[in-house]
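See below for the structure under consideration.
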Amino acid sequence: MAGPKSTAAFERAKQVLPGGVNSPVRAFKSVHGTPFFAERGEGPYLYDIDGNRYVDYLMSWGPLIWGHAHPQIVSAVQEAAVKGTSFGVPTELETQVAEKIVELVPSIEVVRMVNSGTEATMSAVRLARAATKRSYVVKFIGCYHGHADHFLVKAGSGVADLGLPDSPGVPKETAERTIAVPYNDIDALRDVFLQRGEEIAAVIIEPVAGNMGCVLPKPGYLQAVRELTRSYETLLIFDEVITGFRVALGGAQARFGIEPDLTTFGKVIGAGLPVGAYGGRRDLMELIAPSGPVYQGGTLSGNPLAMSAGLVSLKMLEAADKTGFYDKLQAYGQQVVDAFVDHGKQHGIPTYGHALGGLFGLFFHDGPVHDFESARESDSAMYERFFHAMLDAGVTFAPSPLESAFVSGVHGDKELDITLSAISSVFRTLGA
Ligand SMILES: *Cc1c(COP(=O)(O)O)cnc(C)c1O
């Protein structure tokens, strides 16, 4: 239960913000709750305005791979702010961040910075359409790519939760150019290509799906998607807004050894500040204005505060990767998953989950979850009870069963202990 201050703050917010929030998932609707309001964060902990402390696995929905208010990131932002918050002319910082991304992500030769994941995916699709002179885009049911019109078709996450598979305000003509097929089903994709392969500009995919819970690609699936798109000269866009710098230093593409044509980023690259980016092969990226004709700009793109935070964070990740950073994150997540699954078994409650790098997923589901349909079969009422009981025990996950959980480099043994004992006591009440 949200405390009295959070409850009052939410009532006040609802007078002047739609639903009291600036992003729908924050309203706790899919767990039928009232959101707690953040007062501050510190490392792996989030504090609300009622004075409660939570071990945080929401991590601002992914960006905070170094936890809250990491001292090195805070000083980078402070130092940048003193020099000015935006200039409207280039800075060397932007080049440094771009060079770092190019160095770390195998398929990227040239990259453009934007302000959100939505902008990144929207711009990547525009570029793909311009490069191929084709108009159709294929996405996967349950994958979320931000809120641009052509992606609000069978999107997961907040969109699915609200039961708005096709949002009002999206023209039919736009939605018709988007073809949605089931995730992890190569035959379904092959059928779509047989029908109109020559008209498909791009296939956009979350290489590990993070917006229908965390769903892993089946072995060989991404490879098959790569081969199929290549054979039709359709561009493959990896939406690595969640997975970039989170499942491995080079993202999911490095982890699975696949080379997409274009990649989109967000979340982790800004370390908690508003950033997105898209990049890829030089010949494609050179089509972007001003080197080419495809227009895309941004008053605050490459913002010095965001670039400073991102650069420090990427350098820290690069250094940590040398001592097994991503394996440690995964081992942590796996322990939470194992505890969740084991206690489910003990109490006769169907549970399933997996961890990959700094990402993990918990499902109240009997057996594997490999697409949106199976994710939707999971017991959302049980998740709701689990979520609220864990909150009471001082641990926060995402306020929805169709989201991933995020671990940071500052979650340690102490937080793991708190989490595991909370899971143990919460399952005793769930079974009852
Ligand atoms: C969060 C997300 C986006 C949208 O990013 P915003 O910064 O919220 O606009 C796009 N794609 C994926 C995979 C995401 O998880």
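Throughout, numbering of the chain's residues begins at 1 and tracks the sequence. Order of listing sets the numbers, starting from 1, for every ligand and every atom in it.
- Within the 6.0 Å centre-distance limit, the rings of F387 and F28 are counted as a close aromatic pair.
- Close approach to D239 involves these atoms of ligand 1, each under 4.0 Å from a residue heavy atom: 10 (C), 11 (N), 12 (C), 13 (C).
- With 3.5 Å as the limit, one finds a donor-acceptor pair spanning the side chains of H145 and D239.
- Proximity of the aromatic rings of Y57 and F360 is defined here by a centroid distance below 6.0 angstrom, and this criterion is met.
- If you number the atoms of ligand 1 from 1 as listed, the ones under 4.0 Å from a heavy atom of G146 come out as 3 (C), 4 (C), 10 (C).
- Under 4.0 Å from ligand 1, not a single heavy atom of T264 appears.
- Atom 9 (O) of ligand 1 has as its closest protein heavy atom T118 OG1, 2.6 Å.
- Using a 4.0 Å cut-off to heavy atoms of S116, the atoms of ligand 1 that qualify are 7 (O), 9 (O).
- Counting protein heavy atoms only, atom 3 (C) of ligand 1 is closest to V241 CG1, 3.7 Å.
- Relative ring orientation between W66 and H70 is described as perpendicular, the plane-to-plane angle rising above 60° on a 0-90° scale split at 30° and 60°.
- The distance from ligand 1 to the heavy atoms of E206 drops below 4.0 Å at these ligand atoms: 13 (C).
- Polar contact with ligand 1: present for Y144 (N/O pair, distance under 3.5 Å).
- Side-chain contact between F193 and L228 is present, with heavy atoms from C-beta onward closer than 4.5 Å.
- Counting only heavy atoms of the protein, atom 6 (P) of ligand 1 lies nearest to G117 N, 3.5 Å.
- A donor and an acceptor atom, one from each side chain of Q334 and D338, are located under 3.5 Å apart.
- Atom numbering of ligand 1 starts at 1 in the shown order; those under 4.0 Å from a heavy atom of I242 are 15 (O).
- Of all the heavy atoms in I65 and S313, the pair that sits closest is CG2-OG, 4.3 Å.
- Among H145, K267, E119, M122, the residue whose heavy atom lies nearest to atom 14 (C) of ligand 1 is K267.
- Aromatic rings from Y278 and F238 are positioned such that their centres are separated by 6.0 Å or more.
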